[in-house]
Structure formats: C-alpha cells, structure tokens
Novice: 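Right, I'll just put the structure down here and ask away after.
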Amino acid sequence: MMSQYKERFVSPQEAAKAVRSGDWVDYGFGGGFPELMDRALAERKEELTGVKIRGGLVIRPRIEVVERDLEQKAFTYYSWHLGDYERKLQSLGLCRFIPMILRCLPELYRSHIRTDVAFVPVSAPDNHGCCGLGISNYAWRTIFEHARTVIFEINEHLPRLQGVDGSHRVHLSEADFIVEGTHEALPVRTYKAPSPLDIQIAELVVKEIPNGAVLSLGVGGVPFTVAKLLATSEVKDLGCHTGTISDAFLTLYQAGKLTNCRKEIDTGLSTWNLAMGSQALYDWLEEEPSLFHPADVDYVHAPERMGQMSNFISVNGGVQLDLMGQENAESAGNRQLSGTGGQLDFLEGAFRSKGGKGFVCLNSARRDKSGVLKSNIVPFISGGSTVSAPRSMVQYVATEYGVVKLSGLSLPERAEAMVSIAHPEFRSELTQYAKEYWK
C-alpha cells in the first residue's frame, strides 16, 4: 500500500520549490507547525519575492521565514491569532494581524481568500496510508482542498489519533508532496500557579456549574483553575466540547469527572479542534484515541451544535469590559495581544443551550508598570481598543467581587450590575458616569 506513494516522498527542499513568488502559503494554527518546510522555504529567500505566509497561535520559539528575512524582502508573515512569540514579532513590525472569528474561517478560505501552497503537519501514517492531523485539526481539510499544491509534513511526535469516525484523518493520496525527517519535541504550553484572585473568581464560577455540564474552557489562569476546583468538587459527569483541549481537561479526566456521558451530541467523547498543553496531554491523546472526537472548526465552533447540548458552559478570560457589557478580549489600546479566536462562537453556543451559561472572567483591576491601580471595568471601550464580543452577546461577567448576568437588562441596569462587581475604588466614578449617560 505505501509503495504506491513512494514517488511523492521528497526532501523538504524539493517540496519547497512548489512555492512561487507572490504565493500565499498556509502554515496552520496552534502547536502543529510545519517545522521542516518552514526551514526549507526560508532557505529560498534569495530566489523569491512577495511570498505571504499565514499562521496563528504559534507557541514554538521561532519561525524561520521571519527570522532569516528580517527585511521582509522575500516573506511577509500574517497571523490570525497572536501567540506569545508572534506578539513579539508584531512589536518589531514582523507580523501582520488579520482579524477573524474562528467559525467563519473555513468560509473565508472557500469564498474570499486563496491558498497557493498548504504545509500540513500530519502524524506518521498507518499501513493503509492514513495519517492523523495531530494536535491541530484547524480548518485544514477546507484549506488543502482549495490549495494549488498540498504538502504533508510527517511529524514523528504527533499523536496518531484519526478520530473515531475519521474526523481527524487525511490520506497520503491527498498530498502532492510528502516530507519527513527529524523534528524537535512538540511545543508545550504551561500554566502559572493561580493567583489569589484567579482562585476567587474560579470559586464563584464553579458554583454555577451543574452535574452533567458540557464545558468549553479557554486557555488562561481562571479556566484552568475552574477545572482544578471541579476536580475536587462534588460535581460529576462533565463533558468536553471545546475549541482547545488542554491540561484542564486531563485534570478532570484523571479525577474521574470527565465522562461525557450526558452529552446529547458525541456522547462519551471529548470534542475539540486544537490541542495545546503538556507532553502528558499529547500522550493522553496518543494512548486513548477512542475517548476523543477531534474535528474541523466548522463542526466544533458551530453555535447551533452547542445549542443542542444541555448546560453548555463556556469560561473565558477578558481584558476589559465596559458598563454596557462590551468586551475587549484581545488588545491594549491599538496594540494587538491575541485575537477574537473562538470566544464569540462559544458565548453564542452557551446562549443557545438549555441551561447554558457563557462566562467572561477578569480581575476587577490591575496595576500598571508604575504601580497605579487601573480598573478593568471602564465607562466605555476606548478608541483603538477592540470590541471582541458585543454587549448583546455577553451573558455572565465574573470578577473577584461577584457574578452578574447581563442578558435582558437595559443599559442603566447593565451599568448598575457592572458597577457592583467593579473594584470598590472605582465604583463611585463609574456610577457617576452611568447616571450622566443612562438616566
């Protein structure tokens, strides 16, 4: 079976010749990264001009096409969602951010933008020539089905799960070229110890989570702390339907809390689009493939699907909220910090679910570099900052001072609710603003 694809196996340098000047090249999203092809493409910097590369949420420490072409004569790098490394690149003018909502990404690729060459990281193939998409299902199938040239990069470290229904499966016959070689260890994402405020906020949120809830947990301090508290709580039979599966869900599984037995969809399975966390998380995916339904972003991020499950709970962090309930989850003024990603998708999914709740969690205040206390609940999202979620879709807001539900409240009532969970030092001025503008 494998011998019939022998002619498609080439060196990364040979495969990189498929890229032409002016092409759009896709690298994918998250921890799955085409390491060999990135290096081979960077080696062609003297031969190419105007090559544009799209990626996002990169957690490895470098991108070769950027590092080797700081003048951007051959390559320009674009990101859908800034990871820590991409944020540094952007501050140096080496990364261009593209706004998007994750559930809309496949339609962007189908109808609005083009991919000339797709660098697709895949796991080692089985005896039938089938590979898994490792830790990043993303929107890969949509992308490579619309690409001129498809290059599979086999990474020996990627988990080999293919999805119980083939949802995570690709076949060697779908690639124009296949490359393999020695890779670095998979990039891992670790969590800092929760702060006292993280714990306070998480304790408030956990009180709102019933038995059998289906969880979508973001990748931040509060969502991870929510999982740790649930692991030692009386809550049971939790489910997973999340954009990014992380060590938070491994913690719940190890505690016997993650059974997925009450999910109306994908019963018994943890559903996800990306995986990002420790090597132990990746080992879990490798060793227990029958526990998971990794799927395309079209499937995982569909609010109507989340709405068919009872008690769908979404927990995410925010940067700022204003008195109307508008949320900024991704920028500090005009400085981009991350991206909208899938937060809006899961807020809407929770809103549609019977018993569902979507939480935006943040500290009530922060200290700036000079030590001055600043409120994270503001009169309005300031000019230059991003409104990641509109006021009409923000349901629950949690700070260390409490949880409020904004759905169905008028503007004055929303302002009153937001003031009640603001830091006490700022409540008076926020109240004064609310009285002046919403009488």
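In this text, all values refer to a predicted model and were calculated from it rather than measured experimentally.
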Novice: Got a sec, which residues hit ring pair (Phe, Tyr, Trp, His ring centres under 6.0 Å) with Y138, two or more places apart in sequence or on another chain?
Specialist: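 Listed in chain order: F29, W140.
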Novice: Can you confirm whether more than 12 heavy atoms, excluding those of R262, are under 6.0 Å from its CZ atom?
Specialist: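 Yes.
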Novice: Listed by chain and number, what are the side chain to side chain contact (heavy atoms under 4.5 Å, CB included) partners of R54, not counting sequence neighbours?
Specialist: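 Checked R54 against side chain to side chain contact (heavy atoms under 4.5 Å, CB included); matches are W24, D26, Y78, W80, I98, Y109, I113, T115.
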Novice: Is a donor from one side chain sitting under 3.5 angstrom from an acceptor on the other, for S331 and T386?
Specialist: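 Present: a donor and an acceptor within the cut-off.
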Novice: Enumerate the residue pairs fulfilling salt bridge (charged side-chain N to carboxylate O under 4.0 Å, His left out) with a member in residues 294-310, sequence neighbours excluded, ordered by first and then second residue.
Specialist: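 Every salt bridge (charged side-chain N to carboxylate O under 4.0 Å, His left out) pair that includes a residue of residues 294-310, provided the two are not neighbours, is R110-D298.
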Novice: Tell me, please, which residues at least two apart from E286 pass salt bridge (Lys or Arg N to Asp or Glu O under 4.0 Å).
Specialist: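 Partners of E286 under the salt bridge (Lys or Arg N to Asp or Glu O under 4.0 Å) test: R160.
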Novice: Show me the pairs that pass ring-ring contact (aromatic ring centres under 6.0 Å, His included) and involve residues 313-348, at least two apart or across chains.
Specialist: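 As it turns out, the ring-ring contact (aromatic ring centres under 6.0 Å, His included) pairs with a partner in residues 313-348, which skip direct neighbours, are H301-F346.
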Novice: Only pairs at least two apart or in different chains count here, so list each ring-ring contact (aromatic ring centres under 6.0 Å, His included) that has a residue in residues 212-232.
Specialist: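 Every ring-ring contact (aromatic ring centres under 6.0 Å, His included) pair that includes a residue of residues 212-232, provided the two are not neighbours, is Y191-F224.
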Novice: Identify the residue among N260, L269, V214, L215 that makes a side chain to side chain contact (heavy atoms under 4.5 Å, CB included) with H241.
Specialist: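 Per the side chain to side chain contact (heavy atoms under 4.5 Å, CB included) rule, the option paired with H241 is V214, out of N260, L269, V214, L215.
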Novice: Just jot down the ring pair (Phe, Tyr, Trp, His ring centres under 6.0 Å) partners of H81, sequence neighbours excluded, or say none.
Specialist: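 H81 satisfies ring pair (Phe, Tyr, Trp, His ring centres under 6.0 Å) with no residue once adjacent residues are dropped.
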Novice: With a cut-off of 6.0 Å (strictly less than), are more than 12 heavy atoms of other residues, nucleotides or ligands near CZ of R335?
Specialist: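 Open.
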Novice: Can you name the salt bridge (Lys or Arg N to Asp or Glu O under 4.0 Å) partners of D283, sequence neighbours left out?
Specialist: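 By the salt bridge (Lys or Arg N to Asp or Glu O under 4.0 Å) rule, D283 matches no residue at all.
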Novice: Not counting sequence neighbours, which residues clear salt bridge (Lys or Arg N to Asp or Glu O under 4.0 Å) with K263? List them please.
Specialist: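 With neighbours one apart ignored, the set is empty.
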Novice: Do D266 and T271 have a side chain donor and acceptor closer than 3.5 Å?
Specialist: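 Per modelled atom types, D266 and T271 side chains form a pair under 3.5 Å.
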Novice: State which residues pass ring pair (Phe, Tyr, Trp, His ring centres under 6.0 Å) with F144; sequence neighbours excluded, sorted by chain then number.
Specialist: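 F144 satisfies ring pair (Phe, Tyr, Trp, His ring centres under 6.0 Å) with F152 once adjacent residues are dropped.
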Novice: Please determine if R366 and D368 form a salt bridge, counting it only when a charged side-chain N lies under 4.0 Å from a carboxylate O.
Specialist: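 Salt bridge between R366 and D368, a charged N being under 4.0 Å from a carboxylate O: no.
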Novice: Taking everything shown except R427 itself, do over 12 heavy atoms lie less than 6.0 Å from its CZ?
Specialist: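 Yes, CZ of R427 has more than 12 neighbouring heavy atoms, counting only those of other groups under 6.0 Å.
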Novice: Kindly write out the residues that satisfy side chain to side chain contact (heavy atoms under 4.5 Å, CB included) with S91, not counting sequence neighbours, or none if the list is empty.
Specialist: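 Applying side chain to side chain contact (heavy atoms under 4.5 Å, CB included) to S91 gives none.
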Novice: Count the heavy atoms belonging to other residues, nucleotides or ligands that lie under 6.0 Å from NZ of K228, then report whether that count exceeds 12.
Specialist: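 Incorrect, the count does not exceed 12.
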Novice: What residues, two or more places apart in sequence or in another chain, satisfy ring pair (Phe, Tyr, Trp, His ring centres under 6.0 Å) together with W284?
Specialist: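 Per chain and number, W284 pairs via ring pair (Phe, Tyr, Trp, His ring centres under 6.0 Å) with Y253, F292.
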Novice: Crowded around F426 CZ? As in, over 12 foreign heavy atoms under 6.0 Å?
Specialist: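 Yes, enclosed.
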Novice: As a test of understanding, state which of E184, E67, E35 forms a salt bridge (Lys or Arg N to Asp or Glu O under 4.0 Å) with R62.
Specialist: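 When E184, E67, E35 are each tested with R62, the salt bridge (Lys or Arg N to Asp or Glu O under 4.0 Å) holds only for E184.
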Novice: Around atom NZ of K236, are there more than 12 heavy atoms of other residues, nucleotides or ligands at under 6.0 Å?
Specialist: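 Count not over threshold, so no.
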